[in-house]
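Notes follow the structure.
Reckoned from all heavy atoms, side chains included, excluding hydrogens, waters and symmetry mates. Below, chain A is the first sequence line, B the second, and so on; all start at residue 1. Small disclaimer: the values here were computed from a predicted structure and weren't measured.
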Amino acid sequence: MQATNHTAAHGGGHEAHHHEPGFMQKYIFTTDHKMIGIQYGLTALIFLLFGFCLMLCMRWQIAHPGHPIPLVGSLLEKVLGDVAKDGKMSPDLYNSFGAMHGTIMVFLAIVPLAFGAFGNYVVPLQIGAPDMAFPRVNMASYQFYFLGGIIMFISFFIPGGAAQAGWTSYSPLATSIPTHGQAFWLIGMVFLISSSLLGAVNFIATIIQLRAPGMTWMRLPFFVWAQFVTGFLLLLAFPPLEAASVMQLMDNLFGTSFFLPTGLAVGGRLADISGGGSPLLWQHLFWFLGHPEVYVLILPGMGIVCEIIANNTRKTIWGYKSLVFSVLAIGFLSFIVWAHHMYLTGMGTKISAFFQTTTMIISIPSVILLTCFFISLWGGSIRFNTPMLFALAFLPMFGIGGLTGLPLGFNASDIYLHDSYYVIGHFHYVVAPGTIFGLMAGIYFWFPKMTGRYMNETLGKIHFWFSLLGMNLVFAPMFIQGLKGMSRRMADGGTTYFGADDIAIKLNTSITHAAVLLGLAQLPFIVNLFLSIRNGRKVESDNPWQATTLDWATPTPPPHGNFATEPIVYRGPYEYSSPGAARDFTPQGQKV
Amino acid sequence: MSDHSHSSPDATAHAAHDISSHVRVYIGVFVALLFGTLLTVGMYYVHFESMAVTISIALFIASIKSFLVAGYFMHLLDEKKMIYSVLAVTAAFFVALGSLTLWSSHDLPRDSKMKTHYVP
Amino acid sequence: MTKILEMLGLPASASNHASALDDFTAYVHLLMLVLFVGWLAYYLIALVKFRKAANPSANHAGVKSNMSTYLEGGVAVIEAVLLIGFAIPLWAHAVDDLPAATGNPKTDPIEVQIMGMQFKWNAHFAGPDNKFGKQEIKEASQGNPFGIVAADAAAKDDVVCVAGEPFKLPVGRAAVCRVSSMDVIHCFKVGAMRVTQDAIPGMSIPVHFVPNKVGKYAITCAQLCGSGHSVMRGEFEVVSPEDWEKWYADKSKAGGGGSFE
Amino acid sequence: MEIPYTYKARPDTGLYNAKVGIWLFLASEIMLFGALFSSYILLRVQAPDGVWPEMRLGWPHGLLNIPIGTFNTVVLISSSVTVVMAWASLKMGKIAAFRRYMILTLMCAFGFLGVKSYDYNEKFTHYELRLKNGEVHTGHLEVNGKHPGFWSFADIWNLDRLTKEKVAEVQFTADPPKPKAGEAHAAEAGHEHVAKAIKRDEISRLEAFIPRNHNFFAIYFTITALHGLHVFVGALVMAYFAFPGSRMWRTNPEQFTNRIEVVGLFWHFVDLVWIFLFPVVYLL
Ligand code: HEA
Ligand code: HEA
Ligand code: CUA
Ligand SMILES: [Cu+2]
């Protein structure tokens, strides 16, 4: 990125007294929101790949239970020891890979990429701010994230391996496994949560305080709104899990019984604990975070999609106001739906009626969001470049994921579908072809701003079509498996239950193949990403997509302090094809 | 948004006598807090029949004390709208967390048993 | 409608309340299907019609109509109907309408204690005397997960199936399974009966169903419970009332709860 | 461009950045402590009736040292006043008074922590003893002529450790019989401490007043430790501003005053938590 730094540095107002910082200052201990964003992005992408590799091992095990894992089996045996004996995946290893796949994908890949990377890079630019409100807190936030990631990573190599109780870490299972994997997980979580808290404080304060003159609330790009709400979700939903983590850590290390009831037996013998705790308390605290968390995963993606759709239909977003109110409503409601993950823990009629009502209510603003995006397409002049393809694919993919949330949200249908592959299908549709596509769209879209060069379109399109195919071949069959009654987290892929000849088991194999295809489909992307930094087509201007928002009004790449002169905002974010205007876009900072 | 209140962030806007009147309030609050503490402890040694009464009184006094601290020491009585909104949202979610969790631990399927060992 | 779900893989059901649940699931899927197909059709048309080549300059305002508001309102109304008309009553039936005993030993619901344990399902019936033997925490062990006090008179005829031994239920008669666990959280799921209930240590929660087809049914564990989670499978057989009486009596004589000395 | 509103208020919100930041942070702290308080309530409501330790499951009463708790409450309240006075002194331009108040505050903070650790130690050296014949006592322990557990976790005994170290007999000084709920410690004066020898084989459970003994202690130690950590961090930050950090007063008095206000807000919040913590865990 450094190379282009100078070639494209026509940042006129680059303050003269501002001397160039050294390497450490610039790349490692930086307080510049853009560099922190890039740090977040790269770290998160590496974790994304890592989480996917874990999943490939698991998918192999599901398709061929008990067969040594090809290629990496012997390596796993060497570094992990007995749990990977003979290169085969033991149930313990399966469980820890499963738990870590979930944890890594959610807390170390998607959230940091969506919130940490895009939020950091784009939000200050879009609101016309020189940086985050608290640059040093911002740096600390990244460092906490990094430390949390390291702790999670190390936990694979301790005796007994990483946490094995699922990403949900239900007690008493989480406390009854006699290794320290869970303790590492909990300490790692405390770091990750603290990181998110610092990030959230920073984002919200930045959006409240550093909006450029004229940037009123109703002129904020929708992406900023999405990040704003996301910030609140992180700020207020994470602390309870932090408290819960501390309590579970106490259970783990100091023998307390916060989540352990009286009379608990381990291996058939009464456990030596005081008892009196409540396993369901953990679930409440976890899901109080857990549900807002899923909106943390999706909202930034929606924000990105909104920006790209407006830009590539060359037309305003339909119903900006309802978008804003919907996203606020989602944020608010997401705090009172959490127990729809707990219908089958024993819920009376009243309380479950409450939670399923709120669950249904929250689906309405989601429908509104999607509807607004769909209607925005009508009357546009749609360009199908790579970012737009990803953004467009996001819509039906999220649609499938969201719609399949409905039968889970009604407790009556959840009775049968709970904890089956139907659930796995549901949420992967939202987070994988949903959020990941949204984030991919964002990478292709803002790459020219970050580097001054485009990413390659051909490689991008290959990446897109094969990813789309791969994602659907992986996740659509899971609905059928779920309807057939296949439970999740099965180390043998369900063969004990179904017998090997069942259709559901046959699908396992095809899903695994599709997952490999999906992985291969990422190769063009990785190549594209790194090659384009130096070799991509250069942008013609600071505003290559002819966009309206302030992020495109900065020099490319934006220098420290972002704007040459303080931007002033005169209009809403999506003034495309305004009647009477000279061009088909009118930037927010352009005087009439 | 009342910009011309006492806690206008512009330090120079504060006349010194303005602050010294604040100081008198702080001392008053301090005395009230001490008194509240005495009350709380005293209440403990006076035995009320029902636990509910004891809890209500203790929490009532604690609420008054926290109102004093938040209202005067933290200048919350004289704060900006933005802060109020943030705190209101937080309070709502805190109440939701506590009350819904408590509610769901009491609304179980008919004939469920709790608090006991698994043996019915 | 349920047919479509069955074509997609939903197994045939074998309990009285199942068809109502399946119908409901089918209605929800119908709603989903309508929304999905409708929007997808619109979406594809929009993409083709308004591609840059066909529509070089965009229309600033786009759609003016209020259609979407009606649509969203429609979705909300349908969801409300599904919720109030179906989901809540169905759930109320599942958790509140425990079949009551009338004193007739031939038709009264059969009470079974179900105990999850790493990694087995255990069952405990009261036996012909209809009285569960005394149970105590300190008696509990791997072999006696229910902690039955062998010396208790009422325990002598209890029917106990431990270590994954299949048990039997009579067809057409309500069964009330009181689900619990001794170590970690498991989940008692009998797909064919459309019942699922987490087995939580420290709690005992009833689920009830009326099996209406003879046959063998698998119990799975639908909650991650450790390394044996995937092999934690139980089984029970639904048989004719006569066969069941016979099995019950034999099993009870064969030692029952009195054997845990 | 420089970051605006670092100390000047933004006209439309009326706030400077750090003020927004600290309140947001405090909001998250409310949820953190709120979750712990909610857990406390839930666990306690679910615990069956009965008074600990006579009944294993009951929720214990009156085990904490109320005079000490009261004293610490007063200490924290005073520190809240001194912080706000420190800030007021800055507003009036009196840096020397500011420093005096800060020193007072720091003394309060470390006084609080000192008293708290005394309180902790008192618990670590207090034991609950269950005998196989069903009797339950609380009191102090003497093993091989030594009183265990002085400021140290490693010294704490339990049944396993007795077995492991082959201790055949312990000396146990039982607490005076509890007069009435709430006066446990007040009545201690008139009681004569007689140690009684108790055989290892008679004991069915031996546990100090540490977290694993009972969920009451679990929650007590967890919340107060977390609160103590807040006190400690707050004290460090204040120490920084009282001494090296106060250089800023000369370059940018307004920003410095704001910083003290922000630190003060944090400190008051810590005080607030204690205002609830004290009645809830010590008294109720
Ligand atoms: C980003 C993540 C995300 C999102 C957005 C959602 C959204 C929703 N989720 Fe999901 N959910 C998860 C992630 C997510 N979920 C995860 C990770 C789990 C599992 C956790 C675990 O157990 O490990 C889960 C589990 C889960 C459960 C628990 C299932 C169980 O364990 O038994 C439930 C139950 O109510 C549920 C419901 C919903 C609902 C009602 C929505 C609604 O918000 C959805 C609203 C959206 C719509 C209604 C779609 C609207 C679209 C259209 C109308 C247009 C469609 C047409 C076209 C596009 C052509 N989810
Ligand atoms: C955000 C969350 C997220 C994401 C994105 C994913 C992505 C994927 N997940 Fe996962 N998953 C979870 C969250 C997520 N998952 C959770 C929470 C669980 C439950 C865990 C539990 O049971 O506790 C789960 C469980 C789960 C299961 C069920 C396991 C079981 O129950 O036994 C399966 C099975 O197939 C699966 C598969 C996949 C696949 C194939 C992908 C694919 O979509 C992955 C796609 C990603 C890639 C193809 C990598 C792309 C890489 C790059 C672009 C790298 C670029 C790198 C550089 C430039 C350096 N996941
Ligand atoms: Cu038992 Cu899974
Ligand atoms: Cu949810």
Side-chain angles (χ1 to χ4, degrees), chain B residues 1-3 5 8-12 14 16 18-20 22-23 26-27 29-30 33-34 36-38 40-41 43-45 47 51 54-55 58-59 61-63 65-66 69-70 72-75 79-83 86-87 89-91 93-95 97-99 101-102 105-106 114-116, chain D residues 7-9 11-16 19-20 23-24 26-28 30-31 34-35 37-39 41-42 45-48 57 66 69-70 73-74 77-78 80-81 83-85 88 90-93 180-183 253-254 257-258 261 264-265 268-269 271-272 275-276 278-280 282-284:
Chain B
M1 269 165 249
S2 57
D3 263 341
S5 53
S8 160
D10 199 342
T12 51
H14 276 268
D18 203 10
I19 284 292
S20 49
H22 277 205
V23 167
Y26 298 148
I27 304 294
V29 169
F30 178 55
L33 288 175
L34 287 182
T37 308
L38 282 181
T40 321
V41 179
M43 170 212 78
Y44 177 72
Y45 289 100
H47 291 276
M51 200 59 197
T54 321
I55 293 180
L59 289 186
I61 301 177
S63 311
K65 284 166 74 180
S66 59
V69 172
Y72 293 97
F73 289 173
M74 299 170 92
H75 312 297
E79 201 37 279
K80 298 294 176 289
K81 211 167 92 195
M82 185 60 74
I83 307 262
V86 170
L87 290 179
V89 171
T90 310
F93 293 154
F94 167 47
V95 170
L97 171 64
S99 58
T101 312
L102 209 57
S105 73
H106 284 262
M114 235 196 1
K115 299 180 183 175
T116 53
Chain D
Y7 58 95
K8 285 255 187 305
D12 59 352
T13 59
L15 298 160
Y16 55 90
K19 183 105 159 235
V20 179
W23 274 110
L24 289 169
L26 292 184
S28 87
I30 292 175
M31 294 308 284
F37 274 105
S38 302
S39 306
I41 294 170
L42 190 93
V45 168
Q46 280 186 2
L57 283 172
I66 293 172
T70 314
T73 311
V74 174
I77 290 178
S78 315
S80 246
V81 178
V83 158
V84 80
M85 292 302 285
L90 283 185
K91 280 269 182 201
M92 294 184 278
K180 262 186 265 161
E183 291 174 22
E254 204 176 326
T257 313
N258 285 347
E261 185 181 12
L265 284 173
H268 298 311
F269 176 78
D271 186 19
L272 265 185
I275 286 179
F276 280 99
F278 173 60
V280 167
Y282 278 78
L283 302 180
L284 295 179

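Proximity to chain B is absent for every atom of D/Val83, based on heavy atoms less than 4.5 angstrom apart. At a 4.5 Å heavy-atom cutoff, the contact between D/Ser80 and chain B is made by backbone and side-chain atoms alike. Heavy atoms of B/Ile55 lying under 4.5 Å from chain D belong to its backbone as well as its side chain. Of the atoms belonging to D/Ser39, not a single heavy atom falls under 4.5 Å from chain B. Proximity to chain D involves both the backbone and the side chain of B/Thr101, based on heavy atoms less than 4.5 angstrom apart. In this structure, the portion of D/Leu26 lying under 4.5 Å from any heavy atom of chain B is its side chain and not its backbone.
For the 3.5 Å distance criterion, the side chains of D/Tyr16 and D/Glu254 fail to qualify, holding no donor opposite an acceptor.
In this view, D/Phe269 satisfies the ring pair (Phe, Tyr, Trp, His ring centres under 6.0 Å) rule with no residue, not counting sequence neighbours.
D/Tyr282 and D/Phe278 have tilted rings, their planes meeting at an angle from 30° to 60° on a 0 to 90° scale. The aromatic rings of D/Phe37 and D/Phe276 lie perpendicular to each other, with more than 60° between the two planes, well past the 30° mark.
Ranked by heavy-atom pairs shorter than 4.5 Å toward chain B, the options D/Gly264, D/Ser28, D/Ser78 are led by D/Ser78. Looking only at heavy-atom pairs under 4.5 Å with chain D, the residue among B/Val86, B/Leu87, B/Ile61 that has the most is B/Leu87. The residue among B/Met43, B/Lys65, B/Met74 with the most heavy atom pairs within less than 4.5 Å of chain D is B/Met74.
Contact of the B/Phe93 side chain with the B/Leu97 side chain is not registered, since no non-hydrogen atoms from C-beta on lie closer than 4.5 Å.
Among all heavy-atom pairs drawn from B/Ser105 and B/Leu102, the shortest one is OG-O, 2.8 Å.
Surrounding OH of B/Tyr72 are at most 12 heavy atoms belonging to other residues, nucleotides or ligands under 6.0 Å away.
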